[in-house]
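Treat the numbers as computed from the prediction; the structure is a model and nothing was measured.
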Amino acid sequence: MMKILTIIVSYNFEPWIDRCLGSLKASLQPTDTLVIDNGSSDWTVEILRKNYPEIRLIANHANLGFGKANNIGMQIALKEDYDAVFLLNQDAWIDPKTLGSLAQESLRHPDYAILSPVHLNGNGTELEKGFASYVQVSSRNNLPAENRLTECPFINAAFWFIPTGILKKTGGFSSLFYHYGEDKDYANRIHFHGYRIGYLPTVFGCHDREFRKVSLEGFLRAERVYLLSEYANINYGFIQAFAYGVLAGIKKLVIALLKGNWTHAKGYAGIVSGLLCQTPAICRIRKQTKQSYPNFLMS
(Lines give C-alpha, C1' and ligand atoms only; values in the text may rest on other atoms or scores of the structure.)
Protein backbone atom coordinates (compact mmCIF):
# COMPACT_ATOMS: atom_id res chain seq x y z
CA MET A 1 0.00 0.00 0.00
CA MET A 2 1.32 3.43 -0.92
CA LYS A 3 2.62 5.76 1.76
CA ILE A 4 0.77 9.04 1.17
CA LEU A 5 1.07 12.44 2.81
CA THR A 6 -2.03 14.62 2.52
CA ILE A 7 -1.15 18.32 2.66
CA ILE A 8 -3.76 20.92 3.62
CA VAL A 9 -3.01 24.64 3.68
CA SER A 10 -5.36 26.41 6.09
CA TYR A 11 -6.40 30.02 6.64
CA ASN A 12 -9.08 31.69 8.78
CA PHE A 13 -11.84 29.19 8.08
CA GLU A 14 -12.53 26.88 11.00
CA PRO A 15 -15.88 25.48 9.70
CA TRP A 16 -13.96 23.37 7.15
CA ILE A 17 -12.22 21.25 9.74
CA ASP A 18 -14.71 18.48 10.47
CA ARG A 19 -15.71 17.80 6.87
CA CYS A 20 -12.22 17.97 5.40
CA LEU A 21 -10.37 15.99 8.07
CA GLY A 22 -13.35 13.71 8.67
CA SER A 23 -13.26 12.59 5.05
CA LEU A 24 -9.61 11.64 5.41
CA LYS A 25 -10.39 9.61 8.54
CA ALA A 26 -13.07 7.75 6.58
CA SER A 27 -10.77 7.10 3.61
CA LEU A 28 -10.27 3.44 2.73
CA GLN A 29 -6.68 4.37 1.84
CA PRO A 30 -4.71 5.35 4.95
CA THR A 31 -2.90 8.67 4.79
CA ASP A 32 -0.81 10.79 7.09
CA THR A 33 -2.12 14.34 7.28
CA LEU A 34 -0.11 17.54 7.46
CA VAL A 35 -1.89 20.86 7.99
CA ILE A 36 0.15 23.97 7.29
CA ASP A 37 -1.64 26.97 8.74
CA ASN A 38 -0.87 30.27 7.03
CA GLY A 39 -1.16 32.65 9.96
CA SER A 40 -4.83 32.16 10.89
CA SER A 41 -6.06 34.72 13.40
CA ASP A 42 -9.21 32.81 14.38
CA TRP A 43 -9.44 29.56 16.38
CA THR A 44 -8.33 27.22 13.60
CA VAL A 45 -4.95 26.31 15.10
CA GLU A 46 -6.34 25.84 18.62
CA ILE A 47 -9.14 23.58 17.36
CA LEU A 48 -6.69 21.49 15.36
CA ARG A 49 -4.40 21.01 18.35
CA LYS A 50 -7.26 20.12 20.68
CA ASN A 51 -9.51 17.96 18.51
CA TYR A 52 -7.07 16.43 15.99
CA PRO A 53 -3.92 15.41 17.88
CA GLU A 54 -3.19 12.73 15.28
CA ILE A 55 -2.38 15.24 12.53
CA ARG A 56 0.92 17.00 12.05
CA LEU A 57 0.53 20.77 12.31
CA ILE A 58 2.85 23.54 11.20
CA ALA A 59 1.58 26.92 12.37
CA ASN A 60 3.15 29.73 10.38
CA HIS A 61 3.14 33.22 11.85
CA ALA A 62 2.39 34.78 8.48
CA ASN A 63 0.64 33.91 5.23
CA LEU A 64 3.36 32.35 3.08
CA GLY A 65 1.01 31.87 0.15
CA PHE A 66 -0.44 28.67 -1.25
CA GLY A 67 2.58 27.51 -3.22
CA LYS A 68 5.28 28.15 -0.65
CA ALA A 69 3.26 26.48 2.12
CA ASN A 70 2.65 23.38 -0.02
CA ASN A 71 6.34 23.27 -0.91
CA ILE A 72 7.12 22.84 2.80
CA GLY A 73 4.87 19.79 2.86
CA MET A 74 6.32 18.41 -0.36
CA GLN A 75 9.84 18.68 1.01
CA ILE A 76 8.78 16.75 4.11
CA ALA A 77 7.26 14.05 1.88
CA LEU A 78 10.53 13.68 0.00
CA LYS A 79 12.68 13.72 3.12
CA GLU A 80 10.53 11.04 4.81
CA ASP A 81 10.24 8.78 1.76
CA TYR A 82 6.52 9.08 1.03
CA ASP A 83 5.34 7.58 -2.24
CA ALA A 84 2.95 10.42 -3.07
CA VAL A 85 1.41 13.65 -1.84
CA PHE A 86 -2.26 14.54 -1.98
CA LEU A 87 -2.95 18.28 -2.01
CA LEU A 88 -6.39 18.92 -0.52
CA ASN A 89 -8.03 22.32 -0.20
CA GLN A 90 -9.29 23.29 3.24
CA ASP A 91 -12.80 23.83 1.85
CA ALA A 92 -12.92 20.39 0.21
CA TRP A 93 -13.52 16.77 1.17
CA ILE A 94 -13.38 13.37 -0.52
CA ASP A 95 -15.35 10.13 -0.75
CA PRO A 96 -13.91 7.09 1.11
CA LYS A 97 -12.66 5.33 -2.04
CA THR A 98 -11.21 8.41 -3.76
CA LEU A 99 -7.66 8.38 -2.42
CA GLY A 100 -7.16 4.62 -2.83
CA SER A 101 -8.48 4.69 -6.39
CA LEU A 102 -6.15 7.54 -7.34
CA ALA A 103 -3.22 5.67 -5.80
CA GLN A 104 -4.03 2.53 -7.82
CA GLU A 105 -4.37 4.49 -11.05
CA SER A 106 -1.09 6.25 -10.35
CA LEU A 107 0.71 2.91 -10.14
CA ARG A 108 -0.93 1.76 -13.39
CA HIS A 109 -0.16 5.00 -15.24
CA PRO A 110 3.27 6.42 -14.33
CA ASP A 111 2.99 8.83 -17.26
CA TYR A 112 0.35 10.79 -15.31
CA ALA A 113 1.92 13.37 -13.01
CA ILE A 114 -1.30 14.82 -11.58
CA LEU A 115 -4.41 12.77 -10.87
CA SER A 116 -7.68 14.14 -9.56
CA PRO A 117 -11.19 12.98 -8.73
CA VAL A 118 -14.24 14.63 -10.22
CA HIS A 119 -14.83 18.00 -8.51
CA LEU A 120 -18.40 18.42 -7.30
CA ASN A 121 -19.95 21.53 -5.76
CA GLY A 122 -20.37 21.93 -2.01
CA ASN A 123 -23.58 19.90 -1.77
CA GLY A 124 -22.37 17.21 -4.16
CA THR A 125 -25.23 17.58 -6.63
CA GLU A 126 -23.40 18.87 -9.69
CA LEU A 127 -19.98 19.54 -11.15
CA GLU A 128 -18.02 22.43 -9.66
CA LYS A 129 -18.13 25.16 -12.30
CA GLY A 130 -14.40 25.58 -12.71
CA PHE A 131 -13.85 21.85 -13.08
CA ALA A 132 -16.66 21.58 -15.64
CA SER A 133 -14.96 24.28 -17.70
CA TYR A 134 -11.49 22.71 -17.48
CA VAL A 135 -12.60 19.21 -18.52
CA GLN A 136 -15.26 20.42 -20.99
CA VAL A 137 -18.12 18.44 -19.43
CA SER A 138 -21.39 20.28 -18.91
CA SER A 139 -23.00 18.06 -16.29
CA ARG A 140 -22.34 15.21 -13.89
CA ASN A 141 -24.56 13.07 -16.12
CA ASN A 142 -22.18 13.61 -19.04
CA LEU A 143 -19.06 12.26 -17.34
CA PRO A 144 -17.29 9.36 -19.07
CA ALA A 145 -18.81 6.05 -18.00
CA GLU A 146 -15.54 4.12 -18.08
CA ASN A 147 -13.57 3.62 -14.89
CA ARG A 148 -10.32 4.89 -16.38
CA LEU A 149 -8.22 8.00 -16.29
CA THR A 150 -9.43 10.74 -18.60
CA GLU A 151 -6.78 13.15 -19.81
CA CYS A 152 -7.26 16.91 -19.75
CA PRO A 153 -4.82 19.83 -20.06
CA PHE A 154 -5.48 21.33 -16.62
CA ILE A 155 -7.34 20.77 -13.36
CA ASN A 156 -7.15 23.24 -10.49
CA ALA A 157 -5.29 22.12 -7.39
CA ALA A 158 -8.21 21.49 -5.01
CA PHE A 159 -7.47 17.73 -5.18
CA TRP A 160 -4.07 16.86 -6.62
CA PHE A 161 -2.47 13.43 -6.28
CA ILE A 162 1.22 13.65 -7.22
CA PRO A 163 3.76 10.81 -6.95
CA THR A 164 6.92 11.98 -5.19
CA GLY A 165 8.94 10.72 -8.15
CA ILE A 166 7.33 13.54 -10.12
CA LEU A 167 8.28 16.08 -7.43
CA LYS A 168 11.91 14.97 -7.69
CA LYS A 169 11.86 15.61 -11.44
CA THR A 170 9.78 18.80 -11.63
CA GLY A 171 10.28 20.51 -8.26
CA GLY A 172 7.64 22.36 -6.28
CA PHE A 173 5.46 25.39 -6.92
CA SER A 174 7.16 28.44 -8.41
CA SER A 175 8.04 31.34 -6.14
CA LEU A 176 6.75 33.72 -8.84
CA PHE A 177 3.19 33.02 -7.70
CA TYR A 178 1.91 33.94 -4.25
CA HIS A 179 -1.73 32.87 -4.36
CA TYR A 180 -3.53 31.91 -7.59
CA GLY A 181 -1.82 30.84 -10.78
CA GLU A 182 0.72 28.51 -9.20
CA ASP A 183 -1.29 25.45 -10.22
CA LYS A 184 -1.58 26.62 -13.84
CA ASP A 185 2.16 27.25 -13.93
CA TYR A 186 2.87 23.82 -12.47
CA ALA A 187 0.62 22.19 -15.07
CA ASN A 188 2.55 23.99 -17.82
CA ARG A 189 5.77 22.53 -16.42
CA ILE A 190 4.24 19.04 -16.23
CA HIS A 191 3.48 19.21 -19.95
CA PHE A 192 6.96 20.50 -20.74
CA HIS A 193 8.52 17.48 -19.04
CA GLY A 194 6.34 15.08 -21.02
CA TYR A 195 3.81 14.04 -18.37
CA ARG A 196 0.02 14.00 -18.42
CA ILE A 197 -2.82 15.29 -16.24
CA GLY A 198 -6.08 13.45 -15.74
CA TYR A 199 -9.10 12.70 -13.60
CA LEU A 200 -10.86 9.49 -12.66
CA PRO A 201 -14.58 9.86 -13.49
CA THR A 202 -15.82 7.34 -10.91
CA VAL A 203 -14.46 8.97 -7.72
CA PHE A 204 -15.46 12.32 -6.27
CA GLY A 205 -14.51 15.22 -4.09
CA CYS A 206 -16.67 18.17 -3.04
CA HIS A 207 -15.25 21.68 -3.28
CA ASP A 208 -17.37 24.20 -1.41
CA ARG A 209 -16.37 27.22 -3.46
CA GLU A 210 -18.82 30.02 -4.04
CA PHE A 211 -18.79 32.07 -7.21
CA ARG A 212 -19.27 35.74 -6.48
CA LYS A 213 -19.45 38.81 -8.68
CA VAL A 214 -15.87 39.72 -9.58
CA SER A 215 -14.67 43.08 -8.25
CA LEU A 216 -12.32 45.36 -10.17
CA GLU A 217 -9.51 44.29 -7.87
CA GLY A 218 -10.32 40.63 -8.49
CA PHE A 219 -10.49 41.16 -12.25
CA LEU A 220 -7.10 42.86 -12.39
CA ARG A 221 -5.55 40.22 -10.14
CA ALA A 222 -6.82 37.49 -12.48
CA GLU A 223 -5.41 39.40 -15.47
CA ARG A 224 -2.04 39.75 -13.75
CA VAL A 225 -1.92 36.06 -12.86
CA TYR A 226 -2.84 35.03 -16.40
CA LEU A 227 -0.23 37.25 -18.04
CA LEU A 228 2.43 36.14 -15.55
CA SER A 229 1.62 32.48 -16.19
CA GLU A 230 2.05 33.12 -19.93
CA TYR A 231 5.36 34.95 -19.40
CA ALA A 232 6.64 32.09 -17.20
CA ASN A 233 5.36 29.30 -19.50
CA ILE A 234 8.42 27.23 -20.43
CA ASN A 235 6.55 25.60 -23.30
CA TYR A 236 7.16 28.89 -25.14
CA GLY A 237 10.48 30.30 -26.19
CA PHE A 238 11.35 33.54 -24.40
CA ILE A 239 10.30 35.83 -27.26
CA GLN A 240 6.94 34.10 -27.57
CA ALA A 241 6.47 34.17 -23.78
CA PHE A 242 7.32 37.90 -23.74
CA ALA A 243 4.73 38.49 -26.46
CA TYR A 244 2.00 36.50 -24.68
CA GLY A 245 2.82 38.08 -21.33
CA VAL A 246 4.20 41.62 -21.55
CA LEU A 247 3.12 42.62 -25.06
CA ALA A 248 -0.37 41.21 -24.49
CA GLY A 249 -0.59 43.37 -21.37
CA ILE A 250 0.49 46.44 -23.33
CA LYS A 251 -2.15 45.66 -25.96
CA LYS A 252 -4.84 45.53 -23.27
CA LEU A 253 -3.52 48.81 -21.84
CA VAL A 254 -3.80 50.51 -25.24
CA ILE A 255 -7.33 49.16 -25.81
CA ALA A 256 -8.39 50.46 -22.39
CA LEU A 257 -6.94 53.89 -23.22
CA LEU A 258 -8.72 54.00 -26.60
CA LYS A 259 -11.98 53.17 -24.84
CA GLY A 260 -11.37 55.86 -22.24
CA ASN A 261 -11.40 53.28 -19.47
CA TRP A 262 -8.79 54.98 -17.29
CA THR A 263 -9.27 52.64 -14.34
CA HIS A 264 -8.48 49.55 -16.40
CA ALA A 265 -5.66 51.39 -18.16
CA LYS A 266 -4.06 52.26 -14.84
CA GLY A 267 -4.43 48.64 -13.71
CA TYR A 268 -2.82 47.26 -16.87
CA ALA A 269 0.00 49.80 -16.62
CA GLY A 270 0.76 48.48 -13.15
CA ILE A 271 0.62 44.87 -14.37
CA VAL A 272 3.00 45.52 -17.26
CA SER A 273 5.39 47.45 -15.04
CA GLY A 274 5.37 44.61 -12.54
CA LEU A 275 6.05 41.99 -15.20
CA LEU A 276 9.00 43.98 -16.54
CA CYS A 277 10.44 44.33 -13.04
CA GLN A 278 10.11 40.58 -12.58
CA THR A 279 11.89 39.75 -15.82
CA PRO A 280 15.24 38.78 -14.21
CA ALA A 281 13.47 36.42 -11.77
CA ILE A 282 11.27 35.03 -14.54
CA CYS A 283 14.30 34.32 -16.74
CA ARG A 284 16.08 32.59 -13.86
CA ILE A 285 13.11 30.41 -12.96
CA ARG A 286 12.31 29.60 -16.60
CA LYS A 287 15.85 28.26 -16.94
CA GLN A 288 15.66 26.37 -13.65
CA THR A 289 12.31 24.72 -14.30
CA LYS A 290 13.40 23.46 -17.72
CA GLN A 291 15.92 21.24 -15.96
CA SER A 292 15.10 17.77 -14.72
CA TYR A 293 15.50 17.44 -10.94
CA PRO A 294 15.41 21.18 -10.13
CA ASN A 295 15.63 22.49 -6.58
CA PHE A 296 12.41 23.40 -4.83
CA LEU A 297 11.49 27.02 -5.54
CA MET A 298 11.30 28.59 -2.08
CA SER A 299 12.62 32.12 -2.55
Side-chain angles (χ1 to χ4, degrees), residues 65-68 70-71 111-114 116 130-131 133-136 151-157 160 162 166-199 214 218-259 261 264-299:
F66 180 83
K68 192 169 185 178
N70 270 297
N71 281 358
D111 53 329
Y112 278 80
I114 297 171
S116 175
F131 177 84
S133 174
Y134 300 139
V135 304
Q136 293 294 292
E151 187 174 7
C152 55
F154 174 74
I155 299 176
N156 65 300
W160 269 14
I162 310 174
I166 297 296
L167 300 181
K168 293 175 183 177
K169 293 179 180 179
T170 61
F173 287 116
S174 170
S175 58
L176 291 171
F177 299 84
Y178 176 69
H179 192 71
Y180 299 113
E182 55 279 283
D183 53 354
K184 178 60 176 174
D185 175 74
Y186 198 80
N188 289 339
R189 286 159 50 200
I190 289 297
H191 292 306
F192 177 85
H193 288 284
Y195 293 100
R196 304 163 78 181
I197 299 170
Y199 70 97
V214 178
F219 169 77
L220 291 174
R221 179 182 62 199
E223 289 288 272
R224 177 192 174 277
V225 165
Y226 170 74
L227 293 172
L228 176 58
S229 68
E230 290 290 275
Y231 199 7
N233 191 341
I234 57 176
N235 294 287
Y236 306 146
F238 180 77
I239 294 176
Q240 187 179 15
F242 186 86
Y244 287 166
V246 175
L247 297 184
I250 293 174
K251 180 180 179 181
K252 292 186 176 189
L253 165 60
V254 171
I255 291 172
L257 288 172
L258 292 175
K259 291 182 176 180
N261 192 333
H264 280 193
K266 182 179 178 181
Y268 282 119
I271 291 170
V272 170
S273 175
L275 291 176
L276 291 172
C277 289
Q278 285 185 282
T279 295
I282 290 171
C283 290
R284 172 176 55 84
I285 291 176
R286 283 176 56 87
K287 181 178 179 180
Q288 185 178 13
T289 52
K290 285 183 178 181
Q291 303 169 1
S292 294
Y293 309 98
N295 294 325
F296 269 75
L297 310 174
M298 296 294 292
S299 60

[X] side, atom [atom1]; [Y] side, atom [atom2] - distance, nearest 0.5 Å:
X	Y	atom1	atom2	result
Q136	C152	CD	SG	10.0 Å
L220	K266	CG	NZ	11.0 Å
I285	Q278	CD1	CD	8.5 Å

*Got a sec, which residues hit ring pair (Phe, Tyr, Trp, His ring centres under 6.0 Å) with F219, two or more places apart in sequence or on another chain?*
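F219 satisfies ring pair (Phe, Tyr, Trp, His ring centres under 6.0 Å) with H264 once adjacent residues are dropped.
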*Which residues pass the ring pair (Phe, Tyr, Trp, His ring centres under 6.0 Å) test with F131, sequence neighbours left out?*
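Listed in chain order: H119, Y199.
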*Can D185 and L176 be said to form a side-chain contact (heavy atoms from CB on, under 4.5 Å), step by step?*
CA-CA 9 Å; D185 175 74; L176 291 171; 5.7 Å; no
*Could you please spell out the steps behind the side-chain contact (heavy atoms from CB on, under 4.5 Å) verdict for S174 and T289?*
CA-CA 9 Å; S174 170; T289 52; 5.7 Å; no
*asked:* If only side-chain N and O atoms count, and only distance matters, is there a donor-acceptor pair under 3.5 Å linking K184 with Y226?
replied: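 No pair is found: no donor N or O on one side chain lies under 3.5 Å from an acceptor on the other.
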*Give a yes or no answer on whether the side chain of W160 reaches the backbone of D183 with a donor-acceptor pair at less than 3.5 Å.*
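No; judged by distance alone, with no hydrogens or angles, the pair does not exist.
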*Counting heavy atoms not belonging to K290, are there more than 12 under 6.0 Å from its NZ?*
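Result for NZ/K290: enclosed.
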*More than 12 foreign heavy atoms under 6.0 Å from OH of Y134: is that the case here?*
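Counting other residues, nucleotides and ligands, OH of Y134 exceeds 12 neighbours.
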*Assess whether side-chain contact (heavy atoms from CB on, under 4.5 Å) is satisfied between E223 and K252, documenting all intermediate values.*
CA-CA 10 Å; E223 289 288 272; K252 292 186 176 189; 2.8 Å; yes
Heavy atoms, side chains only, cut-off 4.5 Å: are [X] and [Y] in contact?
X	Y	result
L275	L227	yes
E151	I197	no
Y231	T279	yes
L228	R224	yes

*I would like to know whether Y186 and T170 meet side-chain hydrogen bond (donor to acceptor under 3.5 Å, both in side chains); could you show each step before the answer?*
CA-CA 9 Å; Y186 198 80; T170 61; 2.8 Å; yes
For [X] versus [Y], what's the shortest heavy-atom pair and its separation?
X	Y	value
A256	A265	CB-N, 3.7 Å
Q288	P294	O-CB, 3.6 Å
F154	A187	CD1-CB, 3.6 Å
F177	S229	CZ-CA, 3.8 Å
A113	I166	CB-CG2, 3.7 Å

*Given I155 and I114, is the side-chain contact (heavy atoms from CB on, under 4.5 Å) satisfied, shown in steps?*
CA-CA 9 Å; I155 299 176; I114 297 171; 5.8 Å; no
Using a 3.5 Å cut-off and no angle test, enumerate the donor-acceptor pairs between side-chain atoms of residues 233-248 and protein atoms at least two apart in sequence or in another chain.
{"unit_1": "N233", "atom_1": "OD1", "unit_2": "N235", "atom_2": "N", "d": "2.9"}
{"unit_1": "N233", "atom_1": "OD1", "unit_2": "N235", "atom_2": "ND2", "d": "2.9"}
{"unit_1": "N235", "atom_1": "OD1", "unit_2": "F192", "atom_2": "N", "d": "3.4"}
{"unit_1": "N235", "atom_1": "ND2", "unit_2": "N188", "atom_2": "O", "d": "2.8"}
{"unit_1": "Y236", "atom_1": "OH", "unit_2": "E230", "atom_2": "OE1", "d": "3.2"}
{"unit_1": "Q240", "atom_1": "NE2", "unit_2": "Y244", "atom_2": "OH", "d": "3.4"}

*Look at the rings of F66 and H179 and say which category their plane angle falls in: under 30° parallel, 30 to 60° tilted, over 60° perpendicular.*
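Geometry flag for H179 against F66: perpendicular rings.
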*asked:* I want to check a possible cation-pi pair here: K68 against Y178, using under 6.0 Å from ring centre and within 45° of the ring axis as the test.
replied: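 Not flagged: K68 not positioned over aromatic ring of Y178.
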